[in-house]
Number of protein chains: 2
Amino acid sequence: MNSGPQSVFRALADPTRRQILLHLAKENMAIADIADRFDITRTAINKHLTILEEGGLIKSEVSGRERRNSLTPEPLKSAFEWLGYFENFWDVKLSDLQREIAKDMKEKKETDQ
Amino acid sequence: MNSGPQSVFRALADPTRRQILLHLAKENMAIADIADRFDITRTAINKHLTILEEGGLIKSEVSGRERRNSLTPEPLKSAFEWLGYFENFWDVKLSDLQREIAKDMKEKKETDQ
DNA sequence: TTAACATGACACCTTTTGGTTTCATTTCAA
DNA sequence: TTGAAATGAAACCAAAAGGTGTCATGTTAA
């Protein structure tokens, strides 16, 4: 449950883990339910779940002999915001000139503060 | 230069690479310039740059004996959008509020007519 | 009460990662 | 023109990642 940018981006680096997040966005699932949707062993899924939990992206609670996993998407927001920093770079379709302009405007904004 | 979600998220997984992106967002730099800003060898930096390039996040062109690296942020947009899918999960309250506001404005507009 | 279920806990394996050192090659500048 | 600068390239290494299989333990349902 660190949820710093590192543990979040690390959790997102694996395609299986990203798919697990998408599944959990639709419904909460027990470990075996998740494993059924992939071609790898339950043990491997379990390791992925641990890494997702370390990133704070999911939480799980025991219910009888099951462990229900659910999405806790708040840390995704920080990754989203990290990427949002670059929004000014990609949304203008940048020539080098335009990039210079964007940079100048950003610098001006900073000195205004 | 694959720039699929996998190569992008993979490139973002390492903290050094994320920092390199932030540096290149400020200014284009040669390899040695980048290496000066970290405590690891130029060779290691070079490997990171290769991975960033595979993700389509940077491009580099030779200029004399230097290789200038620059940000090509478009692929970051796809990662941003992937995360945006979860926006409704982390900001449920906000989106509800926005929906209310939108509704109110629409109603107001209708009464204005 | 017992067999099937769901998971936890290990031990083990291979490949990838992130890093190093060393040496060669190209280019610039005094 | 010649040495320093910038990079390319290769060999090597330890640790982490992503898997597997096996066995033990608590739970549930017939």
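Just so it is clear: chains get the letters A, B, ... in the order the sequence lines come, proteins before strands, and each one is counted from 1. Everything quoted here is computed from the prediction, not taken from an experiment.
Relative orientation of the A:Phe80 and B:Phe80 rings is parallel, given thresholds of 30° and 60° on the angle between their planes.
One donor-acceptor pair, N or O on each side, does fall under 3.5 Å between the base of D:dG8 and the side chain of B:Arg42. Donor-acceptor pairing under 3.5 Å, judged by distance alone, is absent between the side chain of B:Arg65 and the base of D:dG8.
Rounded to whole angstrom, the span from the CG atom of A:Asp39 across to the P atom of D:dG19 amounts to 11 Å. Residue B:Ile45 contributes atom CD1, which lies 16 Å from atom C1' of C:dT21 at whole-angstrom precision. For A:Phe38 and D:dG18, the CZ to C1' distance is 14 Å, given to the nearest whole Å. Rounded to an integer number of Å, the gap from A:Asp14 CG to D:dA17 P is 11 Å. Note: CE (B:Met29) to C1' (D:dA6) measures 15 Å, nearest angstrom. Per the geometry, CG belonging to A:Leu52 stands 11 Å off P belonging to D:dG18, to the nearest Å. The distance between atom CG of B:Leu49 and atom P of C:dG19, rounded to the nearest whole Å, is 12 Å. Distance, B:Arg10 CZ to C:dT16 C1': 8 Å, rounded to whole Å.
Counting only distance, with no hydrogens or angles, the side chain of A:Thr72 and the backbone of A:Leu57 share a donor-acceptor pair below 3.5 Å.
Each of A:Lys47 and A:Arg67 lies near DNA chain C, and the nucleotide nearest A:Arg67 is the one positioned closer to the 5' end. Take the nearest nucleotide of DNA chain D for A:Gly64 and for A:Ala13: the residue whose nucleotide is more 5' is A:Ala13.
Tested against B:Ser70, the residues B:Glu27, B:Lys59, B:Glu61 include a single side chain to side chain donor-acceptor pair (under 3.5 Å) partner, B:Lys59.
In summary, the side chains of B:Ser63 and B:Arg68 do not present any donor paired with an acceptor at a separation below 3.5 Å, with no hydrogens or angles considered. Between the side chains of B:Gln19 and B:Arg37, no donor N or O sits under 3.5 Å from an acceptor N or O.
Closest approach to the B:Ile40 side chain among D:dA17, C:dT20, D:dG18 is made by C:dT20 (side chain taken as heavy atoms from C-beta onward). The side chain of A:Asn46 lies closest to C:dG8, out of C:dT20, D:dT27, C:dG8. For A:Thr43, the listed nucleotide lying nearest its side chain is C:dA9; candidates were C:dT22, C:dG19, C:dA9. Relative to the side chain of B:His48, the nucleotides C:dG19, D:dT7, D:dG21 differ in distance, and C:dG19 lies closest.
Across all strands, A:Arg68 comes closer than 4.0 Å to no nucleic acid atom at all (heavy-atom distances). As judged by a 4.0 angstrom heavy-atom cut-off over every strand, B:Ala44 is placed among the base-contacting residues.
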